[in-house]
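Convention: sequence-line order gives letters A, B, ...; per-chain numbering from 1.
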2 protein chains.
Amino acid sequence: MKTSSPRTGRKQHATIREVAEMAGVSQMTVSRVLNRRESVKESTREKVEEAIQALNYRPNLLARSLAGGKSLFIGLIFNNPSNNYLGELLVGTLNRCREAGHHLVIEDFSTTARDKEIDALIERISGAGLDGVIVAPPISEDEAILSKLRQAGLKTVLIAPREPPANGVSVSIDDVAAADRITQYLIDHGHKRIAFVIGATDQSSSRRRYRGFDLAMARNGLSVDDNLVQQGDYTYRSGMLAGEHFFSLPDPPTAVFASNDDMAAGVLAAAQRHGLKVPDNVSIVGFDDTAIASAMWPQLTTVRQPIAEMGYQAVNLLARILSESEAKASERNLVLDVALVERDTVRRR
Amino acid sequence: MKTSSPRTGRKQHATIREVAEMAGVSQMTVSRVLNRRESVKESTREKVEEAIQALNYRPNLLARSLAGGKSLFIGLIFNNPSNNYLGELLVGTLNRCREAGHHLVIEDFSTTARDKEIDALIERISGAGLDGVIVAPPISEDEAILSKLRQAGLKTVLIAPREPPANGVSVSIDDVAAADRITQYLIDHGHKRIAFVIGATDQSSSRRRYRGFDLAMARNGLSVDDNLVQQGDYTYRSGMLAGEHFFSLPDPPTAVFASNDDMAAGVLAAAQRHGLKVPDNVSIVGFDDTAIASAMWPQLTTVRQPIAEMGYQAVNLLARILSESEAKASERNLVLDVALVERDTVRRR
DNA sequence: AGCCTCCGTGATAGCGTTATCATTGCCCGG
DNA sequence: CCGGGCAATGATAACGCTATCACGGAGGCT
């Protein structure tokens with residue numbers, strides 16, 4: 001009754017024991033074939049693999065984790081469930097967890113309250129017996145929370161942190177290179193008078209993206225007109241204001257690079273209000289490739305982060321530092337490359 | 001060496017056996033206390049609970065699932081990792097899975113190719129030994145995929161399907177009621193000339209939202225001017241076009257209800273181009289509360305689906321139909337209520 | 001030739017729970 | 001006053017896998 005229980009749903013799975021019987025070997029040999037690391041004679045391996053095929057056997061992850069004792073419980077801390085990032089991040093993270101037999105426990109930190117609430121949350125997660133945690137943006141920029149996490153002695157991997165942590169582990173993109181690249185893209189399309197909208201002053205990515213822009217301009221011997229650089233704060237509204245400024249100039253830019261998509265959308269709105277056609281009269285590019293980039297019209301040419309990949313790598317990194325000896329304080333900051341998403345807001349001129 | 005293995009990360013957890021020893025009872029009694037269903041004397045229960053506290057014991061989910069044999073492997077099928085929904089949906093789904101000890105396996109269907117590819121994917125997931133699958137939008141509207149899933153004999157729960165499946169299981173919202181509600185909200189704010197932008201004709205939600213609008217107008221004795229209803233297709237562009245039409249009218253509406261946020265953003269752009277201030281001159285509402293709703297400026301008043309809750313309930317539903325006898329073909333379509341998100345695009349008049 | 005090694009494999013003992021059935025008291029009615 | 005029945009608890013066997021160690025046999029070395 002137990003084994004042939006009323007589990008209507010799942011076809012009863014073959015176990016390693018049945019495979020072993022069919023192949024005429026011991027369970028251990030099957031296990032070795034599955035984990036393909038110990039020595040197994042080629043002929044034996046083949047027999048076992050045939051049996052696996054025949055029975056459509058799949059190892060039971062639960063049992064494997066239980067017995068192996070090397071599966072990790074990983075926490076993923078985020079603070080905004082409707083974050084654009086989150087879905088993709090979870091996809092990458094979950095995929096790697098499944099592969100490696102780890103378990104993901106998600107922790108919602110989206111509480112506006114501070115300190116006390118945070119303490120309680122941290123207590124909860126450190127009491128939950130997690131092996132380590134992955135910290136998603138924007139919490140990965142929150143020094144208050146990060147330091148408490150450190151205090152609690154939790155091993156962490158930061159996703160897209162403000163700065164690569166001094167003595168920590170993180171996965172991020174190269175903002176400078178990415179901004180450089182999309183600026184070069186504009187230049188390659190014949191643009192010379194390129195305006196730039198800086199992001200929020202309190203986020204380090206703003207500076208890095210600006211630097212990338214500057215670098216590309218300088219490399220191409222293009223001057224950056226002070227009038228064509230506006231301070232924004234990563235909101236649609238600030239982009240709109242910057243656009244108003246640019247398009248009121250006697251000699252307006254032929255292209256605008258806004259440091260994120262929301263601001264690019266604002267610039268687009270300003271352009272349209274000034275009767276300018278995009279991309280015919282002015283080209284616009286953004287950064288991040290959030291949902292708004294493909295919702296607007298024309299759709300935005302922008303730069304996209306490999307979020308899923310970042311989640312995937314974060315799990316790897318966490319597993320690695322967890323298995324290292326405490327002694328060698330591991331410092332690893334992985335930097336991934338971005339992709340240029342060519343849509344409809346840039347025109348050759 | 002085995003138990004005190006080099007698992008630097010996790011503090012060695014107390015096991016049920018240690019709790020049992022400390023409390024002076026058998027493991028089984030502790031298990032009973034934990035699962036609080038069988039009879040345990042009050043005094044015993046207290047002793048056990050003290051021991052649990054003292055040792056900071058947490059049951060090992062893996063072992064529990066293995067032994068209990070009732071943990072499910074649930075697939076979640078989606079086709080767009082950067083979907084706005086997905087993050088939230090995963091959060092709700094994962095939370096319920098964790099509670100119930102189930103395991104989530106995500107399946108990315110985002111391939112543009114058809115038929116062959118789809119067959120391969122379906123083969124893969126039906127071969128993976130999943131107990132059932134949850135189908136996220138927009139795949140939950142894709143008849144081709146749904147019928148193949150049915151053919152493969154997989155138990156499914158649909159999230160926000162086109163129509164509640166005839167003989168199936170789904171979780172959705174009441175589009176009619178939600179549209180009615182936000183229309184009433186506009187009316188309550190003194191609006192009488194209210195325009196409406198219909199969604200894509202090939203999605204049934206369009207019709208339902210229109211019906212809700214109609215209902216509310218009729219109930220309040222308000223006529224619906226033909227000129228104030230425009231056909232859109234759920235894109236920003238179609239919203240912009242509809243807005244152009246409305247605001248060129250000799251007697252323009254005082255409020256516009258667009259059937260989704262992207263179109264509302266388009267209406268907003270049109271209003272701004274016509275020199276109309278939102279919400280001072282015209283109010284706008286959307287539907288869905290996607291990222292764009294809070295990215296635009298002013299931020300959009302809209303209606304939001306309880307996505308996380310839908311994921312949570314989907315897991316419940318799936319577990320339920322899986323435990324039912326095959327005989328009683330279960331038909332369950334859960335309808336959740338929505339929330340009105342009041343932001344800055346509606347003004348009392 | 002004898003011994004040591006190493007390769008390929010198997011037997012057995014867990015991993016931390018829950019299921020099942022047995023066992024102990026204890027209360028109650030005949 | 002004793003057996004039946006029930007409430008409370010325990011002992012033991014799974015669950016499906018991996019870790020560990022043991023063992024036979026084929027070389028290689030002295």
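Per the geometry, CG belonging to B/Leu72 stands 19 Å off P belonging to D/dC15, to the nearest Å. D/dG16 atom C1' lies 15 Å from atom CG of A/Leu55, rounded to whole Å. Between the CD atom of B/Gln27 and the P atom of C/dT20 there is a distance of 17 Å, given to the nearest Å. Put simply, CG on B/Leu34 is 15 Å from P on C/dG16, counting in whole angstrom units. Between the P atom of D/dC15 and the CZ atom of A/Arg64 lies a distance of 19 Å, rounded to the nearest Å. Atom CE in A/Met28 sits about 13 Å away from atom C1' in C/dG14, given to the nearest Å. Look at CZ on B/Arg17: it is 13 Å from C1' on D/dA11, rounded to the nearest Å. For A/Lys70 and D/dC17, the NZ to P distance is 15 Å, given to the nearest whole Å.
At a threshold of 4.0 Å, the pair A/Glu50-A/Lys47 does not count as salt-bridged, since none of the basic side-chain nitrogens sits closer than that to a carboxylate oxygen. A salt bridge is defined here as a Lys NZ or Arg NE, NH1 or NH2 lying under 4.0 Å from an Asp or Glu carboxylate O, and B/Asp119 with B/Lys148 meets this definition.
Aromatic ring orientation, B/His103 versus A/His103: perpendicular (interplanar angle above 60°, classes split at 30° and 60°).
Between A/Gly24 and A/Gly68, it is A/Gly24 whose nearest contact on DNA chain C lies nearer the 5' terminus.
Checking the phosphate oxygens (OP1, OP2) of C/dT18, a side-chain nitrogen or oxygen of B/Asn35 falls inside 4.0 Å.
Ranking D/dC17, C/dT17, D/dC15 by closeness to the B/Thr15 side chain, first place goes to C/dT17.
Remark: A/Glu123 CD is loosely packed, at most 12 non-hydrogen atoms of other residues, nucleotides or ligands lying under 6.0 Å away. Atom CZ of A/Arg17 has 12 or fewer heavy atoms from other residues, nucleotides or ligands within 6.0 Å.
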Pairwise N/O distances under 3.5 Å, protein to nucleotides 5-9 of chain D:
{"unit_1": "D/dA8", "atom_1": "OP2", "unit_2": "B/Ser39", "atom_2": "OG", "d": "3.3"}
{"unit_1": "D/dT9", "atom_1": "OP1", "unit_2": "B/Thr44", "atom_2": "OG1", "d": "2.4"}
{"unit_1": "D/dT9", "atom_1": "OP2", "unit_2": "B/Lys41", "atom_2": "N", "d": "2.8"}

